[in-house]
Amino acid sequence: MTSPTSDALLGPADVRELAAALGVRPTKQRGQNFVIDANTVRRIVRTADVRPEDVVVEVGPGLGSLTLALLEAAGHVTAIEIDDVLAAALPATIAARMPERADRFALVHRDALHVTELPGPAPTALVANLPYNVAVPVLLHMLDTFPTIERALVMVQAEVADRLAAEPGSKVYGVPSVKAGWYAEVKRAGAIGRTVFWPAPNVDSGLVSLVRRTEPVSTTVTKDEVFAVVDAAFAQRRKTLRAALAGWAGSAAAAEAALIAAGVSPRARGESLTVEEFARIAEAAPSRKTAPAAPEEEPRNQ
């Protein structure tokens, strides 16, 4: 099998020429910043450890810069694109620049948040350049919807990267940190400068690596029950958990009882808890306590 040449990847002139031909101007509404550096997309693919046997799903391929680099390394790539013009143009770009691998590519023209199934083989990896406004919801949705995704590498704004990879006790540890931790081991995997994008953003970007847990969080409750506790705990970050979870539990006293039952101090705050501790609190929810069954009546003498 022939290998694509470096000329197959998009450089700065290629990106601008392609955008001009399509009448595309990056929009802030969709957080579009196109990667124009071939070395950067190859670095992303290397960092993601994409292998020939991988089936990669990419969200927001744009003009195809990262898509082409993924096709160099992966067995199959499925791209999810919401933009009408970009979705229509991408297959032609693949066919023109990497014809020998075009049969390994599939396109899904939908909002990634509404995608519940993908064509072809089940994905094993997620690699994407995610816009700021939807990065966390899209990432969590993909991990939840496609359990065959073993690992992910996403490029996001540096602030989002820090939040996703934050450890308990960190000032930026919050809802994204805990929810990502429900699915995977998460860590920062590098920084990306502004000059590799067109247009250049006003902030730096970062890479985040996620490797799905080999063993799920051990709990008797559902993910939604755990996430309800997480959302309540961080809705009022400055409050103690006794106060922050009062609405969730029904009262501050009920919240305190659940926390004590879970082995968590009522005076603690959400940013100090692991995902396992949030799960224990969910298990101790007042709504899960059932009243003892009423004794059966003795049969009456006829």
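- Separating the CD1 atom in Ile192 from the OG1 atom in Thr40 is a distance of 5.5 Å, to the nearest 0.5 Å.
- Under 3.5 Å, the side chains of Asp83 and His109 contain no donor-acceptor pair of N or O atoms.
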Please lay out, stage by stage, how Glu271 and Ser170 fare under the test side-chain hydrogen bond (donor to acceptor under 3.5 Å, both in side chains). CA-CA 7 Å; Glu271 55 262 36; Ser170 164; over 6 Å; no
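- At a threshold of 4.5 Å between side-chain heavy atoms, the hydrophobic network of Ile, Leu, Val, Met, Phe, Trp and Tyr places Val211 and Leu140 in two separate groups.
- The side-chain hydrogen bond (donor to acceptor under 3.5 Å, both in side chains) test applied to Thr124 returns Asp54, not counting sequence neighbours.
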Below 3.5 Å, can you tabulate the donor-acceptor pairs from side chains in residues 172-184 to any protein atom, sequence neighbours excluded?
residue : atom : partner : partner atom : Å
Tyr173  : OH   : Leu273  : O            : 2.6
Ser177  : OG   : Arg163  : O            : 2.4
Ser177  : OG   : Gly174  : N            : 3.0
Ser177  : OG   : Gly174  : O            : 3.4
Lys179  : NZ   : Asp231  : OD1          : 2.9
Lys179  : NZ   : Asp231  : OD2          : 3.4
Tyr183  : OH   : Asp144  : OD1          : 3.0

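- With sequence neighbours excluded, the residues that form a salt bridge (charged side-chain N to carboxylate O under 4.0 Å, His left out) with Arg51 are Asp49.
- Sequence neighbours left out, the pairs with a member in residues 187-208 that pass salt bridge (charged side-chain N to carboxylate O under 4.0 Å, His left out) are Asp162-Arg188, Arg194-Asp204.
- In this structure, a donor-acceptor pair under 3.5 Å is absent between the side chains of Ser218 and Glu276.
- The salt bridge (charged side-chain N to carboxylate O under 4.0 Å, His left out) test applied to Arg110 returns no partner, not counting sequence neighbours.
- When hydrophobic clusters are built by joining Ile, Leu, Val, Met, Phe, Trp and Tyr residues whose side-chain heavy atoms come closer than 4.5 Å, directly or via intermediates, Phe197 is grouped together with Leu22.
- For Glu256, the salt bridge (charged side-chain N to carboxylate O under 4.0 Å, His left out) partners at least two apart in sequence or on another chain are Arg242.
- We find the OG1-CG distance between Thr78 and Leu126 to be 11.5 Å, quoted to the nearest 0.5 Å.
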